[in-house]
Number of protein chains: 2
Amino acid sequence: MPKRVDHRERRALIADALMRVAAEQGLEAVSLRHVAAAAGVSAGMVQHYFRTRDEMMTFALAVVRERNEARVTRAVAALGATPAPRTLLRTMLAELLPLDEERRADGRVALAFLAYTAVRPAVAAALHDETAALLGFVAGLIRAGAGERVDPERAAVGLLAVMEGLGIYLLGGHYPPATALAALDTQLDLLFGPGA
Amino acid sequence: MPKRVDHRERRALIADALMRVAAEQGLEAVSLRHVAAAAGVSAGMVQHYFRTRDEMMTFALAVVRERNEARVTRAVAALGATPAPRTLLRTMLAELLPLDEERRADGRVALAFLAYTAVRPAVAAALHDETAALLGFVAGLIRAGAGERVDPERAAVGLLAVMEGLGIYLLGGHYPPATALAALDTQLDLLFGPGA
DNA sequence: GCGTTTACATTGCAACTGCAATGCAAAGGG
DNA sequence: CCCTTTGCATTGCAGTTGCAATGTAAACGC
């Protein structure tokens, strides 16, 4: 094998540049040449690693999701062993909100992707599964923590919707971060009872 | 004044075509020529009414918002005079969810716009004001109906977030309409007490 | 009837797009 | 030492984009 380079590293580098472009100028500005320029490489090299634009997009979406997963995993690990369900939930969901500039950038990309996949249902399947898994997990936590107060499944749908909606509002600059967090805590109060 | 035509009507016709294109192929497919073709007119005419693409987009966003307002107004009017706060809220919010194909189409456009405005903060200002107004109204209803149970402002933020988030999930096909409505009702149960 | 204004059509163009094709350099294996 | 494979650059091309410019037709004021 000649000319050994780390294929995955290169792809990550390019995806990184893609993210910067998408976050700054929107997904529609993401082109082979733009991304190449942002990455400081030739357009041909981008094409070498992603043969089509769609391939690039799909990979970038996977990157965003992996980042989120890593963020959540790290934050949850910092809680120590066996945290209370409510604490665990609050940590996870707060970590998924675009509260700082880094997560805002990721959030913009994710939002653009949402609009992108709304027209290409095939691509949306991956998101679909992820939501279902997350939903099950959240429902389990609610069942463990809130007992008979609510239907865990329905409450989980609502809670995830709160998170998603707050994310949208944060990205749009409709609320400051503190307001979103307060709303999240209020929601958890409603589910688990106040002051837990 | 020669050649009198209803300017607003023409613009609405074009905006209509824009909506169709955007809903079917995404906002990035919205071009002067595409919209013109969809409207069955010449590209020049589109250009006559909207000098730039951005102008077209901004107008289309206004159309979506007007449609939503009209839908809500009509649904609320059908409730008769002085409905209970919870009933009023449920009617309003359910009307804003993309539950049928017509509203799904509008929702896709709105979602694309969200991503669009996330990069052009100037355009987002209008949305900003609308959210603030809606928020105040919802908070008032919660205060009237739920009394001391919750902080109306925070609860209103959460409730609107639920609506927005459910909308996203519905557009992505993550949930069927019934699940979204159930989640909405669960949320209202949490705020107003069950069975009201 | 003339001129001005509005409505719309057509054409043109520079910029940009995704993508294929081609070319070359380097690094192994034989 | 060649030769195949891989990494990357360059070029070319057909298609599309937004937008300006130019043209024509119609309707009104005078």
Side-chain angles (χ1 to χ4, degrees), chain A residues 1-22 24-61 109 112-113 115-117 119-120 122-123, chain B residues 1-22 24-61 109 112-113 115-117 119-120 122-123:
Chain A
M1 287 173 212
K3 248 300 195 119
R4 314 190 307 88
V5 297
D6 189 333
H7 217 83
R8 303 215 315 174
E9 186 185 340
R10 288 281 211 237
R11 286 172 79 96
L13 175 89
I14 296 174
D16 231 56
L18 191 164
M19 305 281 286
R20 253 175 288 141
V21 172
E24 283 165 23
Q25 312 178 51
L27 248 206
E28 47 183 42
V30 171
S31 74
L32 295 183
R33 287 164 178 78
H34 262 168
V35 171
V41 301
S42 79
M45 171 163 161
V46 174
Q47 210 179 348
H48 182 68
Y49 287 97
F50 301 96
R51 262 172 308 183
T52 73
R53 186 175 180 258
D54 268 25
E55 217 175 282
M56 212 166 59
M57 305 283 243
T58 305
F59 185 80
L61 175 58
V109 175
F113 258 110
Y116 182 75
T117 57
V119 188
R120 287 159 189 81
V123 190
Chain B
M1 285 171 212
K3 227 9 162 52
R4 314 192 308 87
V5 297
D6 190 332
H7 218 84
R8 302 215 316 175
E9 186 186 338
R10 287 281 210 238
R11 286 171 78 98
L13 175 90
I14 295 174
D16 231 54
L18 191 166
M19 306 280 286
R20 253 175 288 142
V21 173
E24 283 165 23
Q25 314 178 47
L27 247 206
E28 47 185 42
V30 171
S31 72
L32 296 182
R33 287 165 178 80
H34 263 169
V35 171
V41 302
S42 78
M45 171 162 161
V46 174
Q47 210 178 347
H48 181 68
Y49 286 98
F50 302 96
R51 262 171 308 185
T52 73
R53 186 176 180 258
D54 267 25
E55 219 174 279
M56 212 166 60
M57 305 283 243
T58 305
F59 185 80
L61 175 58
V109 175
F113 260 110
Y116 182 75
T117 58
V119 188
R120 286 160 190 79
V123 190

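Letters A, B, ... are given to chains in the order of the sequence lines, protein chains preceding strands, and every chain is numbered from 1. Here the structure is a predicted model, which is why all the values come from computation and not from measurement.
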Asks: Is the distance from OP1 or OP2 of C:dT17 to the nearest side-chain N or O of A:His34 less than 4.0 Å?
Replies: yes
Asks: Using whole Å, what does the distance between atom P of nucleotide C:dC16 and atom CG of B:Leu32 come to?
Replies: 17 Å
Asks: Using a heavy-atom cut-off of under 4.0 Å over every strand shown, decide if A:Val46 touches base, sugar-phosphate, or nothing.
Replies: nothing
Asks: Quick one: B:Met45 CE to C:dT6 C1', roughly how many Å, whole number?
Replies: 13 Å
Asks: What distance do A:Met19 atom CE and A:Leu61 atom CG have between them, rounded to the nearest 0.5 Å?
Replies: 9.0 Å
Asks: Starting at atom NE2 of A:His7, determine the distance to atom C1' of D:dC8, rounded to an integer number of angstrom.
Replies: 12 Å
Asks: Locate the shortest heavy-atom distance separating B:Ala39 from B:Ala17; write the atom from each residue and the value.
Replies: CB-CB, 3.4 Å
Asks: For the pair made of CZ in B:Phe50 and P in D:dC19, what is the distance, rounded to whole Å?
Replies: 13 Å
Asks: Hey, is the side chain of A:Arg33 pairing donor to acceptor with the base of C:dG18 inside 3.5 Å?
Replies: yes
Asks: Rounded to the nearest angstrom, tell me the gap between atom CD in B:Glu9 and atom P in C:dA7.
Replies: 13 Å
Asks: Within this structure, what is the CZ-to-C1' distance between B:Arg11 and C:dT6, rounded to whole angstrom?
Replies: 15 Å
Asks: Tell me: CZ of A:Arg10 to C1' of D:dA9, nearest whole Å?
Replies: 13 Å
Asks: In residues 51-58 of chain A, what residues come within less than 4.0 Å of DNA chain C, judged by heavy atoms?
Replies: A:Thr52, A:Arg53
Asks: Decide side chain to side chain contact (heavy atoms under 4.5 Å, CB included) for A:Val46 and A:Met56; before the verdict, give the C-alpha distance in whole Å, the side-chain angles of both, and the deciding distance to 0.1 Å.
Replies: CA-CA 9 Å; A:Val46 174; A:Met56 212 166 59; 3.7 Å; yes
Asks: What integer distance in Å separates A:Gln47:CD from D:dG12:P?
Replies: 15 Å
Asks: Scan for side chain to side chain donor-acceptor pair (under 3.5 Å) pairs involving residues 42-54 of chain A, sequence neighbours excluded, and state none if there are none.
Replies: A:Asp54-A:Tyr116
Asks: Could you say whether B:Gly44 or A:Gly44 is positioned toward the 5' end of DNA chain C, judged by the nucleotide with the nearest heavy atom to each?
Replies: B:Gly44
Asks: Hey, does the side chain of A:His48 come within less than 4.0 Å of D:dC8's phosphate (OP1/OP2), counting only N and O?
Replies: no
Asks: Do the side-chain N or O atoms of A:Ser31 get closer than 4.0 angstrom to the phosphate oxygens (OP1, OP2) of C:dC16?
Replies: no
Asks: Nearest 0.5 angstrom please: A:Leu27 CG to B:Glu28 CD, how far?
Replies: 7.5 Å
Asks: Are A:Ser42 and D:dC8 close enough that a side-chain N or O sits under 4.0 Å from OP1 or OP2?
Replies: no
Asks: On a heavy-atom basis, which atom in A:Val35 and which in A:Val21 lie closest, and how many Å separate them?
Replies: CA-CG2, 4.4 Å
Asks: Applying side chain to side chain donor-acceptor pair (under 3.5 Å) as the test, list every pair that has at least one member in residues 11-20 of chain A; sequence neighbours left out.
Replies: A:Asp16-A:Arg67
